[in-house]
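Worksheet for the structure shown next.
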Amino acid sequence: MNDRLARLRSDWREQVGEAVAWLEPRGFTGLTGLILGSGLGNFVDALDGAEAVDYGEIPGFTTTSVAEHKGRLVVGDAAGRRVLVMQGRLHPYEGLPAETMLLPTAVLSCLGIGEAVVTNAAGGLNHHYIPGELMVIRDHLDMHGHDPLRGLLVDPIPPAEAPGRAARPSAAYDKDLARLMLESGAESGVPLHAGVYASMWGPAYETKAEIGMLRRFGCDAVGMSTAPEVMLLKALDVRVAGLSCITNPAREVGQPELSHGDVVEAGLMVRDRMARLLLAFLPRLAG
Ligand code: HPA
């Protein structure tokens with residue numbers, strides 16, 4: 001059995017395995033996984049020979065309730081590299097059980113990706129960040145207050161080195177991938193920050209007091225996704241690069257209410273930059 005599938009608790013393994021068995025013979029395998037956040041799904045237009053399937057058609061998948069998230073799995077070639085793309089994700093704020101929310105990420109991992117680029121739309125906490133800019137995620141602070149992986153893995157705290165398995169990465173976000181991303185930014189003329197992402201429950205945007213707290217905690221950007229997926233990817237030994245697209249300054253007193261529409265609109269601005277960056281990044285991946 002697939003080594004990653006074997007690490008999932010049996011009931012979840014069955015569910016994930018069913019989706020994997022449905023997707024694999026249809027050609028949905030790839031070297032690199034991409035998880036595309038709010039307003040960023042258009043990257044799939046840059047793929048050659050793309051094939052797509054709606055989440056609704058995949059056994060066990062739940063369709064997303066966020067209108068701008070298409071909810072499709074797409075496979076194709078980007079800059080010569082085979083990628084497997086989650087165009088749309090499920091969010092903690094949808095209130096689904098973790099095994100439902102994380103099913104697509106588990107499936108992506110069990111389809112054999114070596115690394116994943118996890119993207120999101122985020123509010124800028126760092127005063128130097130301007131909407132339209134991108135941030136490489138160095139690390140995150142998961143403010144959900146519970147670990148989404150509880151009860152999902154056979155061996156929740158595996159030994160550092162298991163026989164026959166490569167050394168486990170020590171950090172949630174792979175340092176070599178982050179460096180490659182920064183180099184790709186320089187090459188493609190896309191300015192990049194590097195910082196810490198705060199993952200909040202949502203769906204409400206943060207209060208002024210919460211923004212102050214997150215700044216004091218050392219966070220540079222805030223959003224409502226990513227951390228749960230990254231923890232699962234790491235547990236399954238998938239190397240992770242994280243990218244936040246800064247769509248707005250985190251809301252403060254005197255600013256108009258943030259709407260999801262504003263976030264999506266600014267996401268449209270940054271998505272071309274993100275596409276340029278990814279097309280410079282993907283060919284740098286070995287193997
Ligand atoms: N807060 C939380 N999530 C977000 C934001 C924000 O300011 N912008 C985009 N997603």
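Since we're looking at a predicted model, the values are computed, not measured. Order of listing sets the numbers, starting from 1, for every ligand and every atom in it.
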Using a 4.0 Å cutoff against the non-hydrogen atoms of Thr247, which atoms of ligand 1 qualify?
8 (N), 9 (C)
Can you find a non-hydrogen atom of Met224 under 4.0 Å from ligand 1?
yes
Taking only residues at least two apart or on different chains, which pairs with a member in residues 134-155 satisfy ring-ring contact (aromatic ring centres under 6.0 Å, His included)?
His140-Tyr173, His144-Trp201, His146-Trp201
For Gly123, the atoms of ligand 1 under 4.0 Å from one of its heavy atoms are 5 (C), 6 (C), 7 (O), 8 (N), 9 (C)
From CG (Leu125) to SG (Cys219), nearest 0.5 Å:
6.5 Å
Any nitrogen or oxygen of Asn248, main chain or side chain, under 3.5 Å from a nitrogen or oxygen of ligand 1?
yes
Surrounding CD of Glu14 (heavy atoms of other residues, nucleotides or ligands, distance under 6.0 Å), is the total greater than 12?
no
Ligand-residue contact atoms, ligand 1 with Val222, heavy atoms, under 4.0 Å
1 (N), 2 (C), 3 (N), 4 (C), 5 (C), 6 (C)
Does any N or O of ligand 1 fall below 3.5 Å from an N or O anywhere on Pro249, backbone included?
no
Residues Arg7 and Asp237 bridged, charged N to O under 4.0 Å:
yes
Got a second to check how far Leu285's CG is from Asp176's CG, nearest 0.5 Å?
11.0 Å
Which residues share a side chain to side chain donor-acceptor pair (under 3.5 Å) with Glu183, sequence neighbours left out
Arg179, Arg284
Arg81 with Glu115: basic N within carboxylate O range, under 4.0 Å:
yes
Would you mind running through ligand 1 and noting each atom that sits below 4.0 Å from a heavy atom of Ala122?
5 (C), 8 (N), 9 (C), 10 (N)
So if I count the atoms of ligand 1 from 1 in the order they appear, which ones are less than 4.0 Å from some heavy atom of Ala121?
9 (C), 10 (N)
Determine whether the side chain, the backbone, both or neither of Glu206 has a heavy atom under 4.0 Å from any heavy atom of ligand 1.
side chain
